[in-house]
Amino acid sequence: MITTDFVTGSPCWLDLGATDIEASADFYGRVFGWQAVSAGARMAGYRVMNSGGAAVAGIGPRIDEDEPPEWGVQFWVPDIEAAALRAQELGGTVLVEPTVLFEFGRLAHITDPQGGWFTLWQPGTFTSVQAVDRPNTLCWVELWTPSAQGAKEFYGGLFGWEFKDVELPGDQGVYSTVRPAGLGDDRYFGGLMDVAADQLPQAEGRADWHPVFQVADCDEAVAAVKTAGGRVHMGPEDAPAVGRLAVCSDPFSAGFVLLDPGAGRLRPEAGLVGPGRD
């Protein structure tokens, strides 16, 4: 499970790079009940999204106006300079060099060798996400990639991640769950799987990180997505040993997954979801 006990390579924050910050904040407020709080004049309109008084995500401007809106995952590191250098040594690309974000911390934007974008975060006064693994918060992160083996080599070399391969039913391939180095089965926080480039149109064939949000009732959450102007690309449907899930996007095309674990509480032995987009 995702926790707020951050170690090297832990998912620690989510950012949505939005074309319309206020409209995006309104959408996620309607779907998850999030409250938008301004991060201050220094932060170019950035909104911290709160759930039950706890910071759970952020919405701000895109770093590249030519790129579509998308959710980005931040991973915790103790030394951002060393991590950015290691990412380059492993074949990744540093899009934004390690940068001081006022007193809050330091960040760097990276793409892996398959083009998957993510952020390194070394905290300062802002330690990162304050609530996870409960309704209307992050409960899993997932990478769809044209090369699962290449992703394992890169992220394993960068963060020391450990992987567990699971054969998916119906010859759907292999799903690899991910945990920080040296920790137990209760610390799996995400997964990755091979997805052909032509099945990743939103990312133009590149690898794609996306968040999975826990919800109390997947069908009700899907209805809220539709009412708020989003799209549902797959589901709701039941996944054995996982729960009830749906693949969605907001009105501006940023993708995410809804999951109601229910009785099928997510286990590392079970894969989560493939793209399944229309």
| task | Over all heavy atoms of both residues, which pair between V247 and V257 is shortest? Give the atoms and the distance, please. | result | CG2-CG2, 4.3 Å
| Atom of F154, atom of L90 and distance for their closest heavy-atom approach | O-CD1, 3.4 Å
| Considering only heavy atoms from C-beta outward, does the side chain of V7 approach that of L183 to under 4.5 Å? | yes
| task | Please find out if less than 6.0 Å separates the ring center of F256 from that of Y28. | result | yes
| message | Less than 4.5 Å apart, side chain to side chain, heavy atoms only: is that true for L143 and D112? | response | yes
| query | Is it true that Y155 and W209 have ring centroids separated by less than 6.0 Å? | reply | yes
| Taking every non-hydrogen atom, the tightest pair across P113 and G92 | CG-N, 4.2 Å
| task | Mark yes or no for whether N50, through its side chain, and Q35, through its backbone, hold a donor-acceptor pair below 3.5 Å. | result | no
| field | Aromatic ring proximity, centroids under 6.0 angstrom, F213 and W34 | value | yes
| request: Treating Ile, Leu, Val, Met, Phe, Trp and Tyr as nodes and any side-chain heavy-atom pair under 4.5 angstrom as an edge, say whether W13 and L101 lie in one connected cluster. | output: yes
| query | Are E22 and R47 within salt-bridge range, i.e. N to O under 4.0 Å? | reply | yes
| field | Partner of H109 under ring pair (Phe, Tyr, Trp, His ring centres under 6.0 Å), chosen from F75, W117, F118 | value | W117
| Between T93 (side chain) and L95 (backbone), is there a donor-acceptor pair under 3.5 Å? | no
| query | Can you check whether R179 reaches D185 side chain to side chain, under 4.5 Å on heavy atoms? | reply | yes
| request: Determine whether the side chains of W121 and S128 contain a donor N or O and an acceptor N or O closer than 3.5 Å. | output: yes
| request: Run the ring-centre check on F189 versus W161 and record whether the distance is less than 6.0 Å. | output: yes
| field | Minimum side-chain heavy-atom gap L192-F163 below 4.5 Å | value | yes
